[in-house]
Amino acid sequence: MDDDLPTQYEVIVVGTGLVECVVAAAAARVGKKVLHIDKNDYYGVQWASFTLKGAQQWVDEVTTTPAPTPPGDCELEEGEQLVGVANPSEDYSGVRQTWHVPKEPLPSPSPEPAAAAPVEQVVKEEGSGGESTQVTGTPDTPPATPQDTAQDAVQAMPQDTAQDAVEATAQGVAQEMPQADQTQDSTTMKSEKEESGGKKEWSQEELLNLSRKFNLDLAPKLLYSQGPMVELLISSNIARYVEFKCISRVLTWLGGDEGNLLVVPCSRSDVFTTSAVTLVEKRLLMKFLEFCHQYDRHPEQLEEHLDKPFVDFLRSKKLTDNLIHFVTEAIGMVGEGAGCKEGLERTRAFLTSLGRYGTTPFLFSMYGSGELPQAFCRLCAVFEGIYILRKPVSSLVVHSPSHTCRGLLSEGQRFTCNHLVMSASHAPRDYLPRDGSTQGVSRAVFLTDRSILPHEKEQLTLLRVPAKEGNPIPVTVLEVGPGTHVCPKDLYCVHMTCQGTDAESDLRVVVERLLTTEADDTSSKPRIVWSLYFNQVDHSGM
Amino acid sequence: MHGRLKIKTTAEQAAEKKKEREEKQKLYLAGLSKRASGTYDEECLKTTAQLLAANPDATTLWNIRREALLAGKSEDEESWSEVLQGELKMIVACLGKNHKSYGAWHHRCWVMENFPNPPWAAEVKLCDNYLKLDERNFHCWDYRRFVVAGSKQQPEDELKASQQLIEHNLSNYSAWHYRSKLLPLVHPPPATSPHPVAEQALIKELQMVVEAVFTDPSDQSPWFFLRWLVGRQEKGPRLLQVGYIHTQGEAGKLVCVFSQPVPQSAVPETTVDGVNGGAPLCWWAPDKSVYSRVWAADLSLPLDKEHSINLSQTGQPTRSLMVGQGVARALEWVANMEVCGEELSDTTRSTLEEVKENCTTLDELDPDNKWVMLTLVHVLWALDSRAHLPAILHYLAQLQTLDPLRHNYYADMKSKLVMETALRKHRVTEVDGDKFHVCGQDLTRVTHSHLLATTDCVDLSNNSLSSISSLCNLIACKELTLDQNEIQNLSPLSALAALQHLSVANNKIADIKQLSCLQSLTNLRHLNLKNNPVCEMEDSETRIRELLPGLQTLILR
């Protein structure tokens, strides 16, 4: 088969990360001949979504030293040389997966605490060899601007679910009814179970049997409903390949360790129904949000504030401390140190996306964020892009005198191209800027047995825990449930993200506030069933 | 759905459409011919279903379909139910084409009425779904009321549903309105209460609606609901006043004044001097309408002795009115004129005070919001219009500049308030042969004129009156002064038989014909027409004298 494969392309894209896929789709769409390869047997690279077993394999993969890829050999023209590429797995460090439930189901469903000695699979860092020091050695970057990864994560496309709902005018009504009945049944079943005492006691075996029900994101991504990614998905018609659900509530953490979760009133109906703010605060908040929506139309009100802190501006607008917390930490997501301009801009970004597909500005793709790169790949393939998975790159063919890349070598075969696209994670280390402009991201994924703030309906929750009152770094928390098909029934999937280089210590405060590993049910906190911590180099700042 | 753009059709599409239309027409004609021949068969149902799915607004087709269904109706309940279930499905398909089709919703009502065991619960859910798609689809709201009336759906549940809709979007006027219809059912107020709902519910509702107006004070839906909540409910009509007014010789009038317009049959049975069955009294309304607040009857009583007049209403104690010897008038107030603020309970009063405080705060936060001010006007009015008169007038003046399109609406409100205040004062200081005057207050209309039915002397000069139609109620008035207004038409005065002095100086009466209506006023002796355009006409004096020969004084200049 390899013999039939053309070896000449206009564009070769290496790796199926989101950005690479967008480039591949764009190139194919304008008629370029595209080859898109990935060494893995799955799409997405750092954007992948895994089944539970897939996640285990990924842990194994990033924690074992790969057999060094032979540089390969082929005929080279004069001035050409082979340059080795990097392994994206080297971007990961501190990977630690932990089970908090027993291996096998308990013989009797007795409510006594399962003696679940955490089975840990600690991963040592020798895996990635010399390079890994570079990773862990990243200087402890202070949480400079807490526009954490929710932001980079936050961009792109909605439609199907929202639109389906709209299009399901009359005909849909009839079809929906039986569904409604089902949901009712399931809730009654649930309440019966709750009455009969005790939640489901999971075991590793049961969870692994349900492996395919999981879509665990390495990098969960929320899209601003009115953001450029959503516009791109619509204009490119890629939206039809993906389904989205709107985040149903935005939470904030108020107070220190003994604090509590509050629903952030961001839409008009939220402000109307919330009991978290007083009557007068409702008016002040609405007034401020209305102002923010078009703040640049009132330059006279801003003049003296633009270079000053956002908080000062909010005070000048008579916002109470309570409201300032909501606006800075949850709506603007900038923290208290931010400047006025930045705060207004971020607040407006939030507000303009509100109400397009739901009562919060954010969309989450069903079946996990890994769907997004695949959707772009699909468009690329429709326009004759060629896809090959499990296709590792041995080395690049570089023409030294002209400083151009002429192609690459894969499994002994040479492919030539006019343009080569690859992510910083794949790129030869020598090609990256030396000034260390990369930052680190700390992430964690948890499977839990209930929501951090239970509600009668299943919710998609975004929470940003501010960097104050004991928590050192702002942490973005995303909780999604079985309704998004990322996990089976009766489980929730919680993602935590912040800037940092040591996931476990960076996230410790937030994890302790929200979750527990204790099996006994004295606290109302969700119990962690499974957890995965890791650190990742963030090349996005380059 | 709102805001859909109409897509232009190309020639190709037009051709396609034409073909489609022709086919539809064929089917339609086939259906009609079947109806003419009375053949209601399966095919007839199929044809109409097909056509209606394309155009659910064709009423004739729905009619044919109903006829066909009834013709094929089987005695077996089960199979009939099955047919009707099929109809429900078919209607859903039609609603997919146009969810605001009168015919489709009407047919659905018909189907439900014909069901042996109507599946009401499913219909409530269907309404929920359609209201999610378009929350102001009044067809669906109507159908929902139909379903709720037919099913055992409790108003409590409906109240919850309305709450959810409001919480989702506080601009949902339909849901607020639905709520105002449900609340009196779920929380009925005690009979004596001036409020639309029981106190506990009132307080809770006020809290919610105040949160809504603080969230978005520029949205009118919650404001209307708020006004409904604090507004006084119209009670049934009550007899306010009875009186006997002597006019001339032995002639006189018996007058009954009601709080609301009533038909003649509502006038109490009357006996004079204990004699029952004398010549029945002939009651008439000043404006000749069927419903009136004022009813009068001519009654002659010799002045040389006392008389007693008994009025009995079913369900009410008999009233008696004593007419003294030689006395020109005898009046009795049966019920108090409704005075705002007097009958408020402490709880309601404090709740209203709270609304007032809240609105004042809101007025500070959001100056120049017309809804805030208008509500303040209503709340202050409900609390105590007399004490708050300056504040209310201030807000009304502000509203007139803020909302110039409704300038006259606010002017009318102000007139009402001024009249209410003046009438209350008038009642307190009333003496025989009384005078009522409201001068220089910019009145644009005369409200509560029925309360002046027995008044002798009325002065409304120096206002902005252009219409005086309500003055027809002043049947006892002998002296009427309307100087310095904008009156063009005097015809409402033609029923004021007692009128002796009429002054309409400085008005806009331009035509001598306008004065002909005064011919019926046999007692009119003095007329002041100074500074009216009509005075400028040649030989106006002669012509007026000719028209009204009974005049003693006529002032034209």
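Letters A, B, ... mirror the listed sequences (proteins, then strands); counts begin at 1.
Contact of Asn358(B) with chain A is made through the side chain alone, with heavy-atom distances under 4.5 Å. Contact of Leu362(B) with chain A is made through the side chain alone, with heavy-atom distances under 4.5 Å.
Taking non-hydrogen atoms and a 4.5 Å limit, the residue list of residues 212-226 of chain B in contact with chain A, ordered by number, reads Ala212(B), Phe214(B), Thr215(B), Asp216(B), Pro217(B), Asp219(B). Residues of residues 282-293 of chain A that come within less than 4.5 angstrom of chain B, heavy atom to heavy atom, are Lys282(A), Arg283(A), Leu284(A), Met286(A), Lys287(A) in numerical order.
Sparse packing is recorded around NE2 of His106(B), with 12 or fewer heavy atoms of other residues, nucleotides or ligands lying under 6.0 Å away. Within 6.0 Å of the CD atom in Glu300(A), the count of heavy atoms belonging to other residues, nucleotides or ligands exceeds 12.
Using a 4.5 Å heavy-atom cutoff, the side chains of Thr273(A) and Glu211(B) are not in contact.
Taken to the nearest 0.5 Å, the CD atom of Glu354(B) stands 9.0 Å off from the CG atom of Leu279(A).
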